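Everything on this sheet refers to the single structure shown next.
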Amino acid sequence: GQQLNQSPQSMFIQEGEDVSMNCTSSSIFNTWLWYKQDPGEGPVLLIALYKAGELTSNGRLTAQFGITRKDSFLNISASIPSDVGIYFCAGTHPSGNTPLVFGKGTRLSVIA
Amino acid sequence: DTGVSQNPRHKITKRGQNVTFRCDPISEHNRLYWYRQTLGQGPEFLTYFQNEAQLEKSRLLSDRFSAERPKGSFSTLEIQRTEQGDSAMYLCASSLPGGGSEKLFFGSGTQLSVL
């Protein structure tokens, strides 16, 4: 099946720093989505990307759909303590009715 | 609250027992999905419905797993003869049809512990 590889697996940053994480695949994807999950809760949608090269922002978050359609990155600017959580990339494959496939996540810790 | 609702939030059961989880999707969403998530992993797709039709069930983990959505509204996921390896978070999501179908909105999940 389709595999999404996220990096880094985890990161510790100081409050106020910018963060960058990415997601790669061996096959192309039609859409890329980024979710955040807090402990004991379901994932919450942050950003959805639909076209190769698309760059979309949501507040302090910016995500891009790679031009090869095999990767995406998420940036968080000026991190704050509530950014702590696990960030998942997810995508839909062009093969048709394929459900959303998720990566293993990047765990973000913010040190105040 | 108009989000996806899952019940119960937590379930502890003994090995061999049957369990059933319920999901109420966002009211205008006609697609409903079940995912499973184990510690340190991303959500893993199990099955999904469009209205009452179950469109994909080959990813259900074994024949002990079954899901229903009889009236195209709420759904149930049943696990028969539970095993310790079934311990996980079971997530439900829903989405609109057509162009917005890839935007899945998740509930808070049901955490299953099999003793």
Side-chain angles (χ1 to χ4, degrees), chain A residues 1-10 21 23-25 28-51 54 56 58 63 65 69 72 74 85-108, chain B residues 1 3-10 21 23-26 29 31-50 53-60 67 88-113:
Chain A
Q2 302 93 40
Q3 295 273 346
L4 292 182
N5 301 304
Q6 284 192 249
S7 63
Q9 284 188 323
S10 63
M21 59 189 79
C23 189
T24 60
S25 170
I28 62 173
F29 277 76
N30 276 349
T31 57
W32 288 92
L33 297 95
W34 286 91
Y35 284 81
K36 178 178 182 260
Q37 187 174 30
D38 293 328
E41 298 294 330
V44 173
L45 180 63
L46 300 174
I47 291 179
L49 303 158
Y50 297 98
K51 295 180 183 178
E54 179 181 355
T56 297
N58 178 8
F65 191 142
R69 297 173 64 190
S72 177
L74 175 70
I86 304 177
Y87 291 80
F88 290 99
C89 65
T92 59
H93 196 264
S95 63
N97 239 359
T98 312
L100 209 53
V101 175
F102 282 80
K104 293 187 177 182
T106 292
R107 180 181 295 274
L108 178 64
Chain B
D1 184 19
V4 177
S5 177
Q6 290 189 246
N7 286 290
R9 289 294 309 273
H10 300 91
F21 310 139
C23 173
D24 288 88
I26 295 171
H29 288 184
R31 286 194 175 182
L32 186 150
Y33 306 78
W34 286 99
Y35 280 75
R36 187 179 86 142
Q37 186 177 25
T38 54
L39 203 61
Q41 302 294 316
E44 175 189 10
F45 171 74
L46 296 177
T47 187
Y48 85 106
F49 295 84
Q50 179 159 301
Q54 192 171 10
L55 297 187
E56 173 62 63
K57 58 181 180 180
S58 64
R59 313 279 183 94
L60 286 169
M89 171 81 90
Y90 290 85
L91 293 163
C92 175
S94 68
S95 72
L96 288 164
S101 63
E102 66 284 338
K103 286 187 181 179
L104 270 57
F105 294 86
F106 283 86
S108 296
T110 294
Q111 182 66 52
L112 173 66
S113 297

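Being a predicted model, the structure only gives us computed values, none of them experimental. Letters go in sequence order (proteins before strands), and every chain restarts at 1.
Contacts between B/Q111 and chain A at a heavy-atom distance below 4.5 Å are absent for every atom of the residue. Heavy atoms of A/Q37 lying under 4.5 Å from chain B belong exclusively to its side chain. Of the two parts of B/Q37, only the side chain, counted from C-beta on, holds a non-hydrogen atom closer than 4.5 Å to a non-hydrogen atom of chain A.
Nearest heavy atom pair, residue A/Y35 against residue B/E102, reads OH-O, 4.4 Å. When every heavy atom of A/G40 is checked against every heavy atom of B/R9, the shortest pair comes out as O-NH2, 2.8 Å.
The closest side-chain heavy-atom distance from B/L104 to A/P43 is not below 4.5 Å. With contacts defined as side-chain heavy-atom distances shorter than 4.5 Å, the pair A/F88/B/P43 qualifies.
A distance of 5.5 Å separates CZ of B/F105 from CG of A/L45, quoted to the nearest 0.5 Å.
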